[in-house]
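This report concerns only the one structure given below.
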Protein chains: 2
Amino acid sequence: MSVTIKDVAKKAGVSPSTVSRVISKHPRISKETVERVTRVMEELGYHPNSLAKGLVSKATRILGVILPRPAEELFQNYFFHEVLRGLLAQANRSDYDILIASGTSESDELETVKRLVRGRRVDGVILLSSKMKDPLIAFLNESRFPFVIIGRSQDFPDVPTVDNDNVQAACDATRHLINQGHVRIGFVSGPRELTVSQDRLAGYRKALQEAGLEVSEDWIVEGEFLQETGYRAMSVLMSLPERPTALVVIDDIVAYGVMHGLNELGYSVPQDICLVGFNNLPMSEHTSPPLTSVDIGAYQIGYMTAQTLIKVIAKEPLHQNRILIPHRLVVRGSSVK
Amino acid sequence: MSVTIKDVAKKAGVSPSTVSRVISKHPRISKETVERVTRVMEELGYHPNSLAKGLVSKATRILGVILPRPAEELFQNYFFHEVLRGLLAQANRSDYDILIASGTSESDELETVKRLVRGRRVDGVILLSSKMKDPLIAFLNESRFPFVIIGRSQDFPDVPTVDNDNVQAACDATRHLINQGHVRIGFVSGPRELTVSQDRLAGYRKALQEAGLEVSEDWIVEGEFLQETGYRAMSVLMSLPERPTALVVIDDIVAYGVMHGLNELGYSVPQDICLVGFNNLPMSEHTSPPLTSVDIGAYQIGYMTAQTLIKVIAKEPLHQNRILIPHRLVVRGSSVK
DNA sequence: TCCCTCCGTGCAATCGTTACCACAACGAAT
DNA sequence: ATTCGTTGTGGTAACGATTGCACGGAGGGA
């Protein structure tokens, strides 16, 4: 049996109510009582039962994170890790814990969220998803349950989201290459259906158009968030009659594949081809040459998401629904000759 | 207001007790009642309040995962991710959720665990740690609270742990190199104070001794779980008068650094130097040459840990305290000429 | 026909905490 | 001296579920 508020009350010679008031720092408790009760609590190693507390206060102080389903998970590795660190940091600062959940199928996922929400297991939900999870969003929206999406949701414009400006990020990356004198710039994309792919592609197009440069559809190759994609894309692009001299690549991991392939074919980076990636993976500092990359601030995304969700839970007003985390172009050897 | 057991009871024309019994599949409830109540529950979208349920049953159906502190976190990236996937999979199968927590300092960490344990926020705890967390272990042991350690704990031989046999894994890796005809084999280690480093080093030594080969202390280099370590270790080893022809490297990420360095100096893998790494990171398949690596089954570690903890919580007997997950040597181009 | 058993269900206490209301004690104002 | 407001504290009813006990009714054996 663990020690309850009654045990503390008995030992301190007061009523449970008084102990409760000491815990919640009620103003009208005498200094001596506060001291005595506090001492007893420490002596007994008392910690309030979160279940009982939650039952009456209708709050668990737990934030639920819904992970992407396994299939999409692979490329999320580093991104997810950083986001989670940010979430944890901010949640802990505000005395929240993090519960993670995932479903194996779409309906399963919805069931899980329903259980968490209706069963009052969490106070708010974070949707960490690459693909759109419309049924989930619809459910949460309808239930008026606090939630925040990491990423974008085109179908529900008024739910709070935390994201980075992928259009601008890709635009900056492309401009950087243009400023280095490139005029034939290619793009290696992820799956088209992902908004992250769409947005980065749009930013790439925007930068080229602004500079009055040609956009050749031949120079745009689609794939997965895998090294193979980079490898394949590279061989496609390098066999073109008029091939690009620089590439914007959807993710560093894909860029590694490109570098690997170029290496094998005897091309050298940055002399023959310049590269810019995304996500600034730790390893990008140590490739040869080091990879220029757009750091999208995954940690800060997590941090801001937790902060935003906590605000929503507290019913504090948000001055903006769509929060954008600033990115940072980290220029390294792969893009400057 | 959310829908409670009373709402269901009223609408179904029964008492709350009956509804509760339907939920817990009590045998002595008539078939018709079960059907009617079940239907009403679905109509109303009822999900039992986990707080109230937990309060009376004294169980939360939540497993707490204590993460390593930030400083140690870096190298854990992929390993952690895989372990978490395994934990989630098994936890979900048994209707448990996963709560993750971390502390910023050691005392903070202990405070967090105390809060989770004493406050009955979780039913059991998983210690995911590289460094030993003795105060935590001591506290949990003393509280007789269900917990499982991922990794090893030399100071508390009778707490359940899930781990891989790092000694055997390193031994296998080293033997593989010996079988390839190498006699001068080096070892690039992680921090000495980590048991994983110690164990792998021991396995390396064991294999060499069994083969009657010399172990030169010059061939053992210590570092971090970073590419730089590999890079530095490589330059140290290659400048020795009598240098090794093969290396066992504590982690794939470090091996990448070694490969990078060898490349720069004009050496080639596997012709000049053969390499074996650990953890079988996804990228190891795509390096040039692909990296031979010991897959330690991180996913299974997570899976088995959750399974074990759930058994401990249910007070089921464990037939063994120390569970070893089998490893698998994945031979690729970096170790065969 | 009576009694016993078993089935299906309801009642009420309980889990540990919070929050509202009440109330005693005391000093200050009338 | 009476009234009033303030301060510090206790009593008690929730919160939403579970569970042991009780009880009415049906069925079977004597």
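None of the values given here were measured: they were computed from a predicted structure. Note: hydrogens, waters and symmetry copies are ignored here, and every other heavy atom, side chains too, is used. Labels below follow one simple rule: chain letters A, B, ... track the order of the sequence lines, proteins then strands, and each chain is numbered from 1.
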Legend entry - Closest to the B:Pro48 side chain, choosing from D:dA17, C:dG16, C:dG8: D:dA17
Inset, instruction - Determine: side-chain N/O of A:Ser15 to OP1/OP2 of D:dG10, distance under 4.0 Å, yes or no. - result: yes
Legend entry - Spacing of A:Lys25 atom NZ relative to C:dA19 atom P, expressed in whole Å: 15 Å
Legend entry - A:Lys6 NZ - C:dT14 C1' separation (whole Å): 9 Å
Inset, instruction - Could you tell me whether the phosphate oxygens of D:dA17, OP1 or OP2, come under 4.0 Å of any side-chain nitrogen or oxygen in B:Tyr46? - result: yes
Legend entry - Pairwise 5' ranking along DNA chain C for A:Ser24 and B:Val14, keeping only the more 5' one: B:Val14
Legend entry - With B:Leu127, the side chain to side chain contact (heavy atoms under 4.5 Å, CB included) member among B:Ile137, B:Val159, B:Val148: B:Ile137
Legend entry - salt bridge (Lys or Arg N to Asp or Glu O under 4.0 Å) between A:Glu43 and A:Arg39, worked out: CA-CA 6 Å; A:Glu43 279 172 28; A:Arg39 190 157 36 74; 3.7 Å; yes
Inset, instruction - Rounded off to whole Å, could you give me the CD1-to-P distance for the A:Ile23 and C:dG16 pair? - result: 14 Å
Legend entry - Phosphate contact (D:dG8 OP1 or OP2) by A:Thr33 side-chain N/O below 4.0 Å: no
Legend entry - Euclidean distance, atom CD1 of residue A:Ile5 to atom P of C:dT17 [Å, nearest integer]: 5 Å
Inset, instruction - With A:Val22 as reference, evaluate A:Val37, A:Val8, A:Val40, A:Val14 under the side chain to side chain contact (heavy atoms under 4.5 Å, CB included) test and give the passing residue. - result: A:Val37
Legend entry - Distance below 4.0 Å between A:Ser20 side-chain N/O and C:dT18 OP1 or OP2: yes
Inset, instruction - State the CD1-CZ distance between A:Ile301 and A:Phe79, to the nearest 0.5 angstrom. - result: 4.5 Å
Inset, instruction - Check the side chains of B:Thr18 and B:Ser15 for a donor-acceptor pair under 3.5 angstrom, ignoring hydrogens and angles. - result: yes
Inset, instruction - Measure the spacing between CG of B:Asp97 and CG of B:Leu63 and express it to the nearest 0.5 Å. - result: 8.5 Å
Inset, instruction - Could you check how far NE2 of A:His26 sits from P of C:dC20, rounded to whole Å? - result: 10 Å
Inset, instruction - Please round to the nearest 0.5 Å and tell me the distance separating atom CG of A:Leu140 and atom NZ of A:Lys114. - result: 11.0 Å
Inset, instruction - Please state whether the phosphate of C:dG8, meaning OP1 or OP2, lies under 4.0 angstrom from any side-chain nitrogen or oxygen of B:Lys31. - result: no
Legend entry - Residue closer to the 5' end of DNA chain C, A:Ala52 versus B:Thr18 (nearest nucleotide): B:Thr18
Using atom names, set out every protein N or O paired with an N or O of nucleotides 26-28 of chain D below 3.5 Å, distance rounded to 0.1 Å.
none

Inset, instruction - Starting at NZ of A:Lys311, measure out to NE2 of A:His319 and round the result to the nearest 0.5 Å. - result: 4.5 Å
Inset, instruction - For D:dT18, take OP1 and OP2 only and decide whether either is under 4.0 Å from a side-chain N or O of B:Lys58. - result: no
Inset, instruction - Can you pull out how bent the helix from C:dT1-D:dA30 to C:dT30-D:dA1 is, comparing the axes over its first five and last five pairs, to 10°? - result: 60°
Legend entry - Under 3.5 Å: donor-acceptor pair, side chain of A:Asp123, backbone of A:Ala59: no
Inset, instruction - Determine whether B:Asp163 and B:Arg322 make a side-chain contact, defined as any pair of heavy atoms from C-beta on separated by less than 4.5 Å. - result: yes
Legend entry - Presence of donor-acceptor pair under 3.5 Å, side chain of B:Ser17 and base of C:dC11: yes
Legend entry - Lys/Arg-Asp/Glu bridge criterion (N-O < 4.0 Å) met for A:Asp95, B:Arg115: no
Legend entry - Rounded interatomic separation in angstrom, taking CD1 from B:Ile29 and P from C:dG8: 8 Å
Inset, instruction - Check the distance between C:dT17's P and B:Arg120's CZ and give it to me in whole angstrom. - result: 11 Å
What N/O pairs connect the protein and nucleotides 21-28 of chain C at under 3.5 Å? Give each pair on its own line.
none

Inset, instruction - Report the distance from atom CG of B:Leu55 to atom P of D:dG16, rounded to the nearest whole Å. - result: 12 Å
Inset, instruction - Return yes if some donor-acceptor pair links the side-chain N/O of B:Thr4 with the main-chain N/O of B:Lys6 below 3.5 Å, else return no. - result: yes
Inset, instruction - Rounded to the nearest 0.5 Å, what's the gap from NZ on B:Lys58 to OG on A:Ser2? Could you check? - result: 6.0 Å
